[in-house]
2 protein chains.
Amino acid sequence: MLKLSRLTDYAAVVMAQIARHSQTSHAAADLAEAVQLPHPTVSKTLKMLARAGLLVSQRGAQGGYRLARPASQITAADIIAAIEGPVAMTECSQAEGDCELVATCGVADNWQRVSLAMRTLLESVTLAHLADTAPIKLPVQLPIQTISLSAVSA
Amino acid sequence: MLKLSRLTDYAAVVMAQIARHSQTSHAAADLAEAVQLPHPTVSKTLKMLARAGLLVSQRGAQGGYRLARPASQITAADIIAAIEGPVAMTECSQAEGDCELVATCGVADNWQRVSLAMRTLLESVTLAHLADTAPIKLPVQLPIQTISLSAVSA
DNA sequence: TTATACAGGACTAAAATGGTACTCAATTGA
DNA sequence: TCAATTGAGTACCATTTTAGTCCTGTATAA
């Protein structure tokens, strides 16, 4: 189904919530309340996002989380990577080429190209887009040559 | 990591193998040998692909599997769907809207657009591309307007 | 100094995934 | 018509991943 894990889904929702009120800090409990999800889970998600550098945390009274940079500079790929690790469709799309089947596989190279195109797509969608309650209206035109598989050469 | 399940990966490899010798029928055992994967697992994968209508099976002596249609008419999205179900990034991208959080979520619509763009991308990659041992060279230019998020309206 | 709020890690439960084994059914050809 | 071949179906188990909880520690502001 190629779907996001539930935590990643939560992460996107929480990030969008923060992005919509980016002036103030948000306590984990408040966010959990706002998005109607269990507190510990939201907390865990926030910690991951902070560790990935997408949020900055402030301890103590009046503390909480806020965006580390403008929503327009945080991409869907960033959020996914923060929770699930780098976007890669197959084992061998990752750095460590510990797949012993490369010889008989024969599709590795091409999967990597597809994988790269997907990553490009996800990098073109920003948190600002996601947080916008209205449908994405901007003509987010991807550079055609980055999507064209011919240009996605290693 | 947004990655394919291992079975889907196997499916792609096996399909590519069949596509490279599309004249003959392929017994499950032969394919397993060719791609160096356990028989029962390959067999299971083949059955799923056949049930999805991507392969046709022939029982009995000299039987085996062959492509149900030309490799150029089978897409990566087809293969993924055969094993994992329809390509959809989030729960609510699927038909059944059984997510009770829609009210507080606020990102559902936009995720669906992204999801659709991903599907379009995967539909533009055919088995013929994957099976080609050489890197994909064709200028597989996606219609820009289907990728542009502005055009991916529900 | 105390209340607030994040950090980190250990732990458990549940679900998905992957893999195996076994039996049944269909086809071919001797 | 029988035996060999080969896929179909089902049930089951092991492993891994994912999700969620809890507890303790630490930083900060009032």
Side-chain angles (χ1 to χ4, degrees), chain A residues 1-14 18 24-68 80 82-85 88 90-91 99 101, chain B residues 1-14 18 24-68 80 82-85 88 90-91 99 101:
Chain A
M1 205 172 315
L2 203 74
K3 81 177 167 208
L4 302 175
S5 81
R6 214 185 306 180
L7 279 188
T8 309
D9 210 344
Y10 295 171
V13 174
V14 169
I18 296 175
T24 60
S25 276
H26 300 263
D30 294 346
L31 288 170
E33 170 68 20
V35 300
Q36 289 290 298
L37 291 172
H39 181 185
T41 302
V42 169
S43 181
K44 189 177 182 177
T45 307
L46 290 166
K47 273 183 279 189
M48 287 193 253
L49 291 166
R51 205 174 325 164
L54 304 185
L55 294 176
V56 290
S57 63
Q58 173 77 16
R59 289 185 174 187
Q62 309 306 315
Y65 292 93
R66 58 176 65 210
L67 298 184
I80 294 170
I83 308 294
E84 312 192 14
T90 58
E91 290 295 341
C99 171
L101 300 173
Chain B
M1 206 172 318
L2 201 73
K3 78 178 169 206
L4 302 175
S5 81
R6 216 185 304 182
L7 279 188
T8 308
D9 210 344
Y10 295 170
V13 174
V14 170
I18 296 175
T24 61
S25 276
H26 299 263
D30 294 346
L31 287 170
E33 171 68 19
V35 301
Q36 288 291 295
L37 291 172
H39 285 205
T41 301
V42 169
S43 180
K44 191 176 180 177
T45 307
L46 289 166
K47 271 182 281 187
M48 287 194 254
L49 291 166
R51 205 173 325 165
L54 304 186
L55 294 177
V56 290
S57 63
Q58 173 77 17
R59 288 185 176 188
Q62 310 306 315
Y65 292 93
R66 58 177 65 212
L67 298 183
I80 294 171
I83 309 292
E84 314 193 13
T90 57
E91 290 295 341
C99 171
L101 299 173

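Throughout, a chain's letter reflects where its sequence line sits, starting with A, and its residues are numbered from 1. Just the heavy atoms: all of them, side chains too, but no hydrogens, waters or symmetry mates, feed the values below. Predicted, not measured: the structure shown is a model, and the values here were computed from it.
For the OP1/OP2 pair of dT28(C) and a distance below 4.0 Å, the side-chain nitrogens and oxygens of Q58(B) include at least one atom meeting the criterion. When the side-chain nitrogen and oxygen atoms of R6(B) are compared with OP1 and OP2 of dT16(D), none of them lie within a distance under 4.0 Å. At dG20(D), one or more side-chain N or O atoms of Y10(A) fall inside 4.0 Å of OP1 or OP2 (strictly under the cut-off). Side-chain nitrogen and oxygen atoms of S43(A) include none within less than 4.0 Å of the OP1 or OP2 phosphate oxygen of dC6(C).
Atom-to-atom distance recorded for T24(A):OG1 and R66(A):CZ is 7.0 Å, nearest 0.5 angstrom. How far OG1 of T8(A) is from CG of L49(A): 9.0 Å, rounded to the nearest 0.5 Å.
With DNA chain D read from its 5' end, the first of the two nearest nucleotides for K44(B) and G60(A) is the one closest to K44(B). If you find the closest nucleotide of DNA chain C to A61(A) and to Y65(A), the one lying nearer the 5' end belongs to A61(A). Each of H26(B) and P38(A) lies near DNA chain D, and the nucleotide nearest H26(B) is the one positioned closer to the 5' end.
Nearest heavy-atom pair, L67(B) versus V56(B), reported as atom, atom and distance to 0.1 Å: O-CG2, 4.2 Å. Annotation for I83(A) and S5(A): closest pair CG2-OG, 4.4 Å, computed over non-hydrogen atoms.
Closest approach to the S5(A) side chain among dC6(C), dA19(D), dT27(C) is made by dA19(D) (side chain taken as heavy atoms from C-beta onward). The side chain of S57(A) lies closest to dC6(C), out of dG8(C), dA8(D), dC6(C).
At a threshold of 4.0 angstrom between heavy atoms, the contacts of L46(A) with the nucleic acid are absent. Across all strands shown, A28(A) has heavy atoms under 4.0 Å from sugar-phosphate atoms exclusively, and none from any base.
Taking atom CZ of residue R66(A) and atom P of nucleotide dT28(D), one finds them 15 Å apart after rounding to whole Å. Rounded to an integer number of Å, the gap from M48(A) CE to dG8(C) P is 12 Å. Here dG19(C) presents its P atom at 7 Å from CG of L7(B), a figure rounded to the nearest Å. The distance between atom CG of L4(A) and atom P of dA19(D), rounded to the nearest whole Å, is 10 Å. We find that CD of Q62(A) is positioned 15 Å from C1' of dA27(D), with the value rounded to whole Å. Atom C1' of nucleotide dT4(C) and atom CG of L31(A) are separated by 15 Å, given to the nearest angstrom. As rounded to whole Å, 9 Å separates atom P of dA7(C) from atom CZ of R51(A). A straight line from CG of D30(B) to P of dT5(D) spans 13 Å, rounded to a whole angstrom.
Checked against side-chain hydrogen bond (donor to acceptor under 3.5 Å, both in side chains), T45(A) has no partners two or more places apart in sequence or in another chain.
With 3.5 Å as the limit, one finds no donor-acceptor pair spanning the side chains of Q58(A) and S25(A).
For R59(A) against dT26(D), a side-chain-to-base donor-acceptor contact under 3.5 Å is present. With hydrogens and angles left out, the side chain of K47(B) and the base of dG7(D) share no donor-acceptor pair within 3.5 Å.
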